[in-house]
Amino acid sequence: MKSIIYQRLLAAGLFGACLGGIGVVSAQAPATITSADMYLRLKKLNVLGTVLYVAAHPDDENSRLIAYMAKDRLYRTGYLSMTRGDGGQNLIGDEQGVELGLIRTQEMLAARRIDGADQFFARAFDFGFTKSTEEALKTWDKEKILSDVVWVIRKFQPDVIFTRFPPDSRAGHGHHSASAVLAQEAFTAAADPSRFPEQFKYGVKPWQARRLLWNGFNFNGGVIAASEDQVKVDVGVFNPILGKSYGEIAAESRTNHKSQGAALTPARGQSMEYFNLVAGDPAHGDPMENIVTTWSRVEGGEKISGMIDQLLKDFSLSHPEMSVPGLVTLYKAIGQLKDGYWKTQKLKEVQQLIEACSGLWLEAVVRTPYAVKGDSLAVTFVLNNRLNGGPMAVRGISLDDYDTAYRQQLEGDRNYSFSHTIYVSPKKAVTQPYWLAEEMSPGSFNVKDQRLIGDPQSGPAYEVKFRVAIAGEEMVFVRPVQYKFTDAVKGELYQPLTVLPPATAHFDPGLLLFTGKEEKSFWIEAKEHSAHAKLPGMQLTPTSGLTVQQRGGSAAAGFSWSAQPAGMAAQMVTAHLLFANDGRKDTALELKTISFDHIPRIDYFCPAVEKFVVADVKIAGHRIGYIEGAGDKVPQALQQMGYEVVLLKERDLTTANLKQFDAVLTGVRAYDVHDWLKDRHDILMDYVNEGGNLIVQYNRENLGRVSSDIGPYGFAVSNIRVTDEHARVNFLQPDHPVLNYPNKISDKDFEGWVQERGIYFAGQTDPAYQTVLSMNDPGEQEQKGSLVIAHYGKGTFVYTGLVFFRELPAGVPGAYRLMANIIALNQKKGF
Ligand SMILES: [Zn+2]
């Protein structure tokens, strides 16, 4: 794991899921705010306390505790995750690496919209599973990530910090224990003016949280940190204002971690959380013991508290707008306090409450998902003072370099619509996420602008500022420009607006495998997005040792090219787009989109590149059936190797149909996502018995349980993995066909692997299984379950935890050669 480099990440995505800039901005339908929500927010105005939860990955957080802190105790609550979860598995698609991190970033934000907490991320890259705290800290660059944690603490100013994990091996994952180590060091460092003093010029000050608590939990069946004299709190309580218990809210929040299959069953009833003091002032009952969380912590704040009490007393559920004049008076009173953290925070909260109690509707929408550089964009602004809590007028609207004053009174419950067309400057940056704008380091992202660090995502492409006077007080309300449309099935949807270059390009396929010096052809689709761009052609720049030739085509139909390598080294081609109108030559970018219903659409760009892998791969067998699992790009790789690949659905798994295949492969976690596969077990075993070859890539279905649901003989899927991608691979049976036919496998074939060797190895295998490889992580026991093979009747069955789904798309030659041998197992008789 120590040598994960950007190029490898780039390589890992080359079957289409390329990297580069990725633009994600918040977009979702405006929230519905009920009077009950307003009442809760009004109560929150009187609470001046902050808590921060710290862990390593999206989905590590204790959703129940977070929901309870945010919505019951009404503290300002945040979750700081060291990583974006790039190295996890993906249950809902084939995205890996930073692409998965993008999905999980949005899943986190979707979760926070439910539980009401703020989200922060440090710059650490989730490079996959590691067993060692030291390795995590070293790969991440400890000082760099520590500075991020310190920065977030100084900005957010938590009274209490919680860690999810202990700082040692009990945490179960090196990232987990490392997050606890960092939280503990940052607890002290954030308060120390000599640590990271470069942050002070951005307005932060040293901050000492009162205590650091480890939120102990049930590790592997044994409760750690649970005794009666501990700090504890019941977070299972029911909140009648919300109509839910925090166990129910947590389930709703956590179920957004769909890529991890982390859905939770709603829980009702008492649920104790336990805390151990790690640093700071001891507490004996409540985590916030002896911490002042009222307005008395602010100079001159006592009178504010009284005003809020009065507003609470007078609040009308059926007429919240009656609170608007009082809220405006409160806003002015807070505005007169000395500048500080709570003044800023509470002014923001009061303004949001004034907006909610007025029923004020504000939006800025467009009818297209894209703003194209050099084109125009028509934006519609809509305002409605729905509850008319007081005299209201729009004074101005600004967007980009458009800034116009208005003197329009907003009568009650009337839609006021304005529109303006802006010019999208050719200098406007295409939509990119800030953490991917710079080339990344081996274990962390690079961000030049300190002020962006910790932010969950980039700001929107365009923002509109509405200047609105409410009861005489002018306030500025900011809205992103969003794409709004109505889908005939899903209804009205809001999506982010993406800034596009005038044209984009896409290589098909994105990776070509050469097994010799043969010529191969590929296709480039170019897409003109701008009304003005005309693309007469493309120019390709191959690395040396490769010749490319244009065969024909046009911008409308796509460009056809061919390539021929001179030697056996891997090659790459980048593309430029040539524009007719002004003779411009732009590096071709590819537009990629990730779309799921539970998160906003994610558009991102990467340089359009074609990758050429040259490898000596011989194959035996021709026709392959592939049962897709949770999502992987193995079928495209098999096609590149020269196989004919047929994707198989449930109805295709019949004895008669399977006969035609030389091998049948199951995609990653196929047995986890398709219950019907177990029902087809007999048919699959008949296929093997008759001379077929069933190859099962890793699953978790049989985790820890010996079963013959998958293979002909029993085995259990274990948690065993080898995470060091350089781990030495020993050949236990050097003469075994899988190491010899049709490709002679050697140590060289295990060079250049990415991220890891394998996961979820076979364990407790029936003696009928042959083990041919062994490997281990440093200092650990030798593991033999990465590739197990059994004869059954006339055929073979294979289970492999080797991560072909990572290595093949990354273009690792040895992985192609070994896969060819696994597929050929039933072609060679007599082993
Ligand atoms: Zn985790």
Side-chain angles (χ1 to χ4, degrees), residues 1 4 52-66 78-92 95-98 100-112 115 117 119-137 139-140 145 148-149 152 161-184 214-221 224-225 250 253-264 273 443-445 456 669 700 703 719-721 723 755-756 759-760 777:
M1 275 148 300
I4 291 165
L52 180 66
Y53 204 84
V54 179
H57 306 116
D59 83 358
D60 283 347
E61 76 275 25
N62 181 342
S63 315
R64 203 178 316 189
L65 178 64
I66 284 176
Y79 173 39
L80 166 60
S81 175
M82 296 301 126
T83 77
R84 294 175 186 268
D86 325 77
Q89 285 134 24
N90 181 356
L91 202 71
I92 56 172
E95 297 82 5
Q96 290 172 33
V98 295
L100 179 58
L102 281 161
I103 293 173
R104 296 185 71 183
T105 294
Q106 289 303 323
E107 291 182 339
M108 284 281 253
L109 291 168
R112 296 296 84 83
D115 59 37
Q119 183 61 49
F120 306 103
F121 289 99
R123 287 174 291 176
F125 175 62
D126 177 2
F127 55 87
F129 190 82
T130 173
K131 292 159 189 167
S132 145
T133 314
E134 292 67 39
E135 184 181 25
L137 292 172
T139 309
W140 283 350
I145 306 308
D148 292 0
V149 182
V152 170
I161 300 172
F162 300 104
T163 62
R164 166 85 288 187
F165 301 106
D168 50 52
S169 62
R170 287 174 299 173
H173 187 322
H175 294 174
H176 291 168
S177 40
S179 73
V181 169
L182 289 165
Q184 196 169 340
W214 167 34
N215 175 206
F217 74 112
N218 203 322
F219 287 98
N220 303 323
I224 296 180
S253 157
R254 199 167 180 76
T255 299
N256 281 296
H257 294 306
K258 294 189 191 300
S259 69
Q260 305 308 298
L264 201 65
E273 288 293 336
S444 60
F445 297 108
R669 301 225 300 273
R700 305 199 301 193
L703 200 59
N719 264 325
I720 293 167
R721 46 176 91 210
T723 61
Q755 186 159 333
E756 58 204 346
I759 52 183
Y760 299 103
D777 272 333

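First listed ligand is number 1; within each ligand, the first listed atom is number 1. Just so you know, these numbers come straight off a predicted model, no measurement behind them. Values reported hereafter were calculated over all heavy atoms of this structure, with side chains retained and with hydrogens, waters and symmetry mates removed.
Residues forming a salt bridge (Lys or Arg N to Asp or Glu O under 4.0 Å) with D126 (at least two apart in sequence, or on another chain): none. Partners of Y79 under the ring pair (Phe, Tyr, Trp, His ring centres under 6.0 Å) rule, at least two apart in sequence or in another chain, do not exist in this structure.
Residue H175 does not count as close to the Zn ion (ligand 1), with no N, O or S atom under 2.8 Å. Not one N/O/S atom of H173, from backbone or side chain, sits under 2.8 Å from the Zn ion (ligand 1).
Considering L100, L91, I92 as possible partners of Q260, the one that fulfils the side chain to side chain contact (heavy atoms under 4.5 Å, CB included) test is L100.
Between H175 and F127, the ring centre distance stays below 6.0 Å.
For the Zn ion (ligand 1), the nearest N, O or S atom contributed by D60 is named OD1. Of all N, O or S atoms in H57, the one lying closest to the Zn ion (ligand 1) is ND1.
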